[in-house]
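Quick note: numbers below take in every heavy atom, side chains included, and nothing from hydrogens, waters or symmetry partners. All chains are named by letter (A, B, ...) in the order of the sequence lines, taking the proteins before the strands, and each is independently numbered beginning at 1. Predicted model only: the values in this text are computed from it and were never measured.
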2 protein chains.
Amino acid sequence: MEKMSFGQILEEKGLKKTKVRMALLHHFLQLKHAQSYNDLQLALKNEIDKSTLYRNLTSFEQAGIIHRINDHSGTSKYAFGELPKGGQDHAHFVCENCETVYCMEVSTPLQLNVPKGFKTKNVQTIIKGICSKC
Amino acid sequence: MEKMSFGQILEEKGLKKTKVRMALLHHFLQLKHAQSYNDLQLALKNEIDKSTLYRNLTSFEQAGIIHRINDHSGTSKYAFGELPKGGQDHAHFVCENCETVYCMEVSTPLQLNVPKGFKTKNVQTIIKGICSKC
DNA sequence: AACATAAATGCAACGTAGTTGCATTTAAAA
DNA sequence: TTTTAAATGCAACTACGTTGCATTTATGTT
Ligand SMILES: [Mn+2]
Ligand SMILES: [Mn+2]
Ligand SMILES: [Zn+2]
Ligand SMILES: [Zn+2]
């Protein structure tokens, strides 16, 4: 279960091993930061149809291969890996300078106290600031 | 400074006291939850032009009369009141059932530890769950 | 009160992110 | 090899919001 090939990942999720998906997966694995639709199109030299790419991003997300990030920029970002169950222990750092979106493992789960009668299912945090490269 | 009329609020911010703004302000003050563009149009019986409404939402936001909320639904919500400086002590609760967006005062400021070299400017949190009415 | 001026409004056209319908192709199973 | 459902590509479409521009209105000055 440690070293899975692209094909194995897709097979495990019940997704057909297509050219587009293999290329997409290849790029996701070697890119460190969250990617936008445009980032991916650029990386893949615009060889993939728009709707095909969007549909695959949705499939990958549903299969838990990637997760979708709302960084408040107006366009979604996508990063490799599934969100932890409940989404509690994951946050995203958005650099105000270079716009890079980093996935952050949150060591201490945030404890937000909500009013009586409110039931928390999931906490999603966006941290804005300046990244180590800027 | 306690009880300000709509007109006084606008005057204080250097905004002209127009029909549209008075109506908009009237609705913001009596609605408890965050409102979408569509909510507001409905409340105002579609009497306001789309661009006028959007422009006023932006003006109100810049003047600190309201704040804009990204609830990850794809459309912005707007709520009365300015965000606290730095945006640290405010979070939003989104009900997964009725979609209502609540402003939450966060008592204990969230402490997220970011990696070395990262500088946090601002933390924005969306809590998803079930509200007390659902 | 009448005038001047800048700001606000309304309308239409535009932009961008993402979605959908449908005909064609392709992966994979029989 | 044949079959079948899933994936692809293309074009058209939707939703949310923005922009340019002519007209109107609020407000300050005479
Ligand atoms: Mn992440
Ligand atoms: Mn709020
Ligand atoms: Zn940066
Ligand atoms: Zn609810």
Does a side-chain N or O of A:Ser51 approach OP1 or OP2 of D:dG9 to a distance below 4.0 Å, or not?
no
Atom-pair distance (CE on A:Met22; P on C:dT26), nearest Å
17 Å
Side chain of A:Arg21 only, please: which of D:dA7, D:dG17, D:dG20 is the nearest?
D:dA7
Rounded to the nearest Å, what distance is computed from the CG atom of residue A:Asp39 to the P atom of nucleotide C:dT16?
16 Å
How many Å lie between CG on A:Asn56 and C1' on C:dT19, as a whole number?
14 Å
What integer distance in Å separates B:Tyr37:OH from D:dT18:P?
11 Å
Please compare A:Lys19 and B:Glu11 by the position of their nearest nucleotide in DNA chain D and report the one closer to 5'.
A:Lys19
Return the CG to NE2 distance between A:Leu44 and A:His26, rounded to the nearest 0.5 Å.
9.0 Å
Grab the two heavy atoms, one from A:Ser132 and one from B:Phe118, that are nearest each other, plus how far apart they are.
OG-CE1, 3.3 Å
So does A:Arg55 reach the base of D:dG9 with its side chain, donor to acceptor, closer than 3.5 Å?
yes
Nearest whole Å is fine: how far is D:dA7 P from A:Leu57 CG?
14 Å
Of all the choices, C:dA28, C:dA7, D:dC10, which nucleotide is nearest to the side chain of A:Lys16 once you look at every atom?
C:dA28
Please report the C-alpha distance between B:His67 and B:Ile69 in whole Å, then the side-chain angles of each, then the deciding distance to 0.1 Å, and finally whether the side chain to side chain contact (heavy atoms under 4.5 Å, CB included) criterion is met.
CA-CA 7 Å; B:His67 61 282; B:Ile69 303 160; 3.7 Å; yes
Any base atoms under 4.0 Å from B:Lys17, or only sugar-phosphate, or nothing? Heavy atoms, all strands.
sugar-phosphate
Rounded distance in Å - NZ (B:Lys77) to C1' (D:dA15)
13 Å
In whole angstroms, how far is the C1' atom of C:dA28 from the CD atom of A:Glu12?
18 Å
If you check every side-chain atom of B:Ile48, which of D:dA7, C:dG10, D:dC10 has the closest atom?
C:dG10
Under 4.0 Å between a side-chain N/O of A:Thr75 and OP1 or OP2 of C:dA17, yes or no?
no
Report which part of the nucleic acid B:Thr18 touches: base, sugar-phosphate, or nothing (heavy-atom distance under 4.0 Å, all strands).
sugar-phosphate
Give the nucleotide from the list D:dC21, C:dT19, C:dG21 with an atom nearest to the side chain of A:Lys50.
C:dT19
Under 4.0 Å between a side-chain N/O of B:Asn38 and OP1 or OP2 of D:dA15, yes or no?
no
Send over the distance from B:Leu53 CG to C:dC11 C1', rounded to a whole Å.
15 Å
Could you pick out which residue, B:Asp49 or B:Gly14, lies toward the 5' side of DNA chain C when each is mapped onto its nearest nucleotide?
B:Gly14
State yes or no: are the ring centers of B:His92 and B:Tyr102 separated by less than 6.0 Å?
no
More 5' along DNA chain D: A:Glu47 or B:Tyr54, using each one's nearest nucleotide?
A:Glu47
A:Arg21 side chain to A:Lys16 main-chain N or O, any donor-acceptor pair under 3.5 Å?
yes
Between B:Glu61 and B:Arg68, does any side-chain N to carboxylate O distance fall below 4.0 Å?
yes
Under 4.0 Å between any heavy atoms, over every strand shown, what does B:Ser59 touch: base, sugar-phosphate, or nothing? Just pick one.
nothing
